[in-house]
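Heads up: the structure comes next, in structure tokens.
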Amino acid sequence: MGNKVTTAIKPTREEDYPMWYQEVVKASEMAEKSSVRGCMVIRPWGYALWENMVAQLDSMFKATGVKNAYFPLFIPLSYLEREAEHVEGFAKECAVVTHHKLEQGENGRLVPAGELAEPLIVRPTSETIIGESMSRWISSYRDLPLLLNQWANVVRWEMRTRIFLRTSEFLWQEGHTAHATEQEARERTYQMLEVYTKFVEEYLAMPVIRGYKSDSERFPGAVETTCIEAMMQDKKALQAGTSHFLGQNFARGSNIRFQDGDGNEQFAWTTSWGVSTRMIGGMIMIHGDDDGVIMPPRVAPAHVVLLPIFKNDEERSMVMEYVDSLARELGDIPYKNRPGLVVEIDDRDTGGARGWDWIKKGIPVRAEIGPKDIEKGAVFAARRDESPKVRKSISRGDFVGGIVDMLEDIQANLYKKALEFQRANTFEMDDKNKFYDFYTSSGKGIHGGFAMAHWCRSRECESAIKEDLSVTIRCIPFDSREEEGKCICCGTKSPGRVLFAKAY
RNA sequence: CGGGAUGUGGCUCAGUCUGGUAGAGCACAGCGUUCGGGACGCUGGGGUCGGAGGUUCGAAUCCUCUCAUCCCGACCA
């Protein structure tokens, strides 16, 4: 009782962060768990967000010369075997198709029949099957570089799943490129990581740290894996995207060869890079509050919801007329990569619950419009990045004229807030005891944060820390300064600091 | 795949120990009163109690089997 603040989402982040996340996803109607084990249903509000993300990323890829294509869902078992580390990495989580039809069995149940000569796996990633095509398409250095991307679903049979963050089936894009030289392939690897960084920071408003993965965290079969890591509000790290330099490993496995200008035959150098629906989970966890999702305006499924208020039919027709014309006016205002603002009109007569539905969904701007506003030629507006109670009367002209600035201001605020949080919870550490305390000290189940600490580069120290604290090396940051130091674990010489954190 | 728990209207659960043939809150529909407000009242729709078998005059409740989900451990965009 008393003056306790009621929140739309229970439990709150502080009370139980993982449960809060589940509730936010449900309450925002973005997605739900499917009756199919480990899979999710992405609902219209969540899928519209994904479509906006896809549209933006797709145009950014194309601007770098990448072209889209589509490859089979099914991959012959033998293809996977072509790269040794790749097999090891993915074999344990493959869905396998062994039959091609169903027959009536005893007691009328359908049973699989028609066993396949060679089982097919459902793609967990497509390096091998795309490599097979590349090997046929490439014969000369003139065919290079080959820059491909596919938007697809993939399946990884996960033990424990979490909606958006880790599901057995998920949506993503996978870029695959082949190059004549090592240097060009490496540059492409970094270039695409930059694209991801730009997208995630400028559109999802998520500040990230770019870096290299340690050997143990590398993509199976890659020579070098780069990544972007973001800090969630529970101070855990989430990998938001990866870009791999594959060397000639997959080219050897898939026989991707070309003749260079001197007539010599060489293996191509390849890359692959991907981001997935997991980013949605990250966006929710980084910006959401105890009232639900907060959508960054630049990717929001809709920008403004208009909430008409009326008591009778007479008021209704007057208010709706005003609301409709306002919606049309807003719909003609271009915003970022979109031709016009997306406006929702919610005229349900469900009392106050109506406004809260949109708060939970995270729409950037709400505007209540009733007879009093119309009289004043105004709207009663609220921003999702402010308390639900903060609502201001703004003249219609100022609202329409200032809406883009308001959206951009929300976008900037979200990024700023997230960056401040990340910085406030990132520490340089040189003392092993302090490091261990950082990740074990009590306090509502949320510990530590990001620790920038020295590491001797040995696998032993890395796994000792993982064993002791469930803390892993998220990346070796690109921009960490040259600095000699002592390994946080064993005390021997270290060439520089790396980013440690608990991770999703 | 090991350890623990749970399956009852759309959701959260009570009822299970001490068998007697299904309940609450929320959500949903209708009507009314309200309302710049997560409102209130009345009325109503919706469940073969995860599934199969057994014990019994009678099973949500007891027994056996089975399936599924969740939490904890080894893997992961």
Side-chain angles (χ1 to χ4, degrees), chain A residues 5-10 16 18-19 22-23 26-27 32-38 88-94 107 123-126 152-162 164-175 196 200 213 216-220 222 225 227-230 237-244 272-282 291-292 306-312 315 319 348-360 366-376 378-382 388-389 391-393 463 466-467 470 472 503-504:
Chain A
V5 179
T6 51
T7 59
I9 303 298
K10 55 179 188 344
D16 186 340
M19 190 61 87
Q22 306 254 47
E23 291 298 323
K26 223 190 293 177
E32 61 190 21
K33 278 185 288 182
S34 134
S35 52
V36 181
R37 179 199 179 87
E88 207 179 313
F90 287 108
K92 283 167 292 191
E93 49 184 24
C94 284
N107 56 38
R123 62 180 166 222
T125 179
S126 304
N153 58 339
V154 286
V155 169
R156 296 179 187 177
W157 212 261
E158 301 288 352
M159 296 295 175
R160 286 191 59 199
T161 57
R162 284 238 257 169
F164 283 129
L165 299 174
R166 186 178 302 111
T167 46
S168 290
E169 180 192 12
F170 57 91
L171 305 182
W172 77 345
Q173 59 68 218
E174 45 181 324
Y196 290 157
V200 169
K213 282 296 187 191
S216 67
E217 299 272 340
R218 240 190 307 119
F219 176 75
T225 288
C227 63
I228 49 178
E229 298 280 334
L238 180 86
Q239 181 176 304
T242 50
S243 184
H244 316 289
S272 69
W273 26 277
V275 293
S276 72
T277 39
R278 174 180 240 206
M279 283 189 298
I280 297 174
D291 292 322
L306 302 178
L307 303 166
I309 290 160
F310 45 79
K311 292 193 181 116
N312 50 47
E315 281 186 2
V319 170
R348 290 176 300 161
D349 182 20
T350 54
R354 180 178 67 167
W356 282 98
D357 282 349
W358 291 102
I359 291 170
K360 287 184 272 191
R366 309 185 301 285
E368 297 176 4
I369 293 154
K372 290 179 201 166
D373 305 294
I374 295 172
E375 215 173 288
K376 288 189 288 183
V379 302
F380 203 51
K389 290 173 190 161
R391 290 175 293 177
K392 291 175 190 142
S393 187
S463 63
K466 186 176 179 181
E467 179 80 17
S470 319
T472 50
Y504 277 96

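Worth knowing before you read on, the calculation uses all heavy atoms, side chains too, and leaves out hydrogens, waters and symmetry mates. Letters A, B, ... are given to chains in the order of the sequence lines, protein chains preceding strands, and every chain is numbered from 1.
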Determine the interatomic distance between [atom1] on [N] and the same-named atom on [M]; round to the nearest Å.
| N | M | atom1 | value |
| --- | --- | --- | --- |
| G25(B) | C40(B) | P | 13 Å |
| G7(B) | A60(B) | P | 15 Å |
| G50(B) | G15(B) | P | 15 Å |
| C31(B) | C49(B) | C1' | 33 Å |
| C17(B) | C1(B) | C1' | 34 Å |
| U6(B) | G51(B) | C1' | 16 Å |
| A59(B) | A22(B) | P | 12 Å |
| U34(B) | C71(B) | P | 48 Å |

Notebook entry, point to check: Under 4.0 Å between a Lys/Arg side-chain N and an Asp/Glu carboxylate O for Lys26(A) and Glu23(A)?
Noted result: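 Glu23(A) and Lys26(A): salt-bridged.
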
Looking at every strand, decide which applies to [X] at a 4.0 Å heavy-atom threshold: base, sugar-phosphate, or nothing.
| X | answer |
| --- | --- |
| Thr167(A) | base |
| Lys26(A) | nothing |
| Trp356(A) | base |
| Gly274(A) | nothing |
| Ile359(A) | nothing |

For [X] and [N], what is the distance between atoms [atom1] and [atom2] respectively, to the nearest whole Å?
| X | N | atom1 | atom2 | answer |
| --- | --- | --- | --- | --- |
| Glu32(A) | G10(B) | CD | C1' | 11 Å |
| Lys389(A) | G37(B) | NZ | C1' | 14 Å |
| Arg391(A) | G37(B) | CZ | P | 5 Å |
| Asp349(A) | G37(B) | CG | P | 15 Å |
| Asp357(A) | C26(B) | CG | P | 17 Å |
| Arg160(A) | C75(B) | CZ | C1' | 12 Å |
| Glu368(A) | C35(B) | CD | P | 16 Å |
| Arg278(A) | C76(B) | CZ | P | 12 Å |

[X] has a side chain; which of [options] sits nearest to it?
| X | options | answer |
| --- | --- | --- |
| Glu158(A) | G38(B), G37(B), C75(B) | C75(B) |
| Lys360(A) | G36(B), G38(B), C76(B) | G38(B) |
| Ala353(A) | G38(B), G36(B), A77(B) | G38(B) |
| Ala8(A) | G38(B), C75(B), G36(B) | G38(B) |
| Arg156(A) | C76(B), G36(B), G38(B) | C76(B) |
| Lys33(A) | G36(B), A77(B), C70(B) | C70(B) |

Using purine N1 to pyrimidine N3 plus N6-O4 or O6-N4 for Watson-Crick, or N1-O2 and O6-N3 for G-U wobble, each under 3.5 Å, what pairs with [N]?
| N | result |
| --- | --- |
| A60(B) | none |
| C75(B) | none |
| U18(B) | none |
| C35(B) | none |
| G46(B) | none |
| G23(B) | C13(B) |
| A5(B) | U69(B) |

State, with a plain yes or no, whether a side-chain heavy atom of [X] is found less than 4.5 Å away from one of [Y].
| X | Y | answer |
| --- | --- | --- |
| Ile369(A) | Ile374(A) | yes |
| Thr125(A) | Arg156(A) | yes |
| Trp358(A) | Leu307(A) | yes |
| Pro220(A) | His244(A) | no |
| Glu158(A) | Glu93(A) | yes |

Checklist line | 5′-ward residue of the pair Gln22(A)/Glu169(A) relative to RNA chain B | finding: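 In this pair, the answer is Gln22(A).
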
Next item on the list: Using the closest heavy atom to pick a nucleotide of RNA chain B for each, name whichever of Ala240(A) or Leu307(A) lands nearer the 5' end.
Entry: Leu307(A)

Checklist line | Heavy-atom closest contact (Tyr196(A) atom, Thr242(A) atom, distance) | finding: CE1-O, 3.5 Å

Next item on the list: Determine, answering yes or no, if Phe380(A) is stacked on G36(B) under the 5.5 Å centre rule and the 30° plane rule.
Entry: no

Next item on the list: Without swapping roles, check the side chain of Glu217(A) against the backbone of Lys213(A) for a donor-acceptor pair under 3.5 Å.
Entry: no

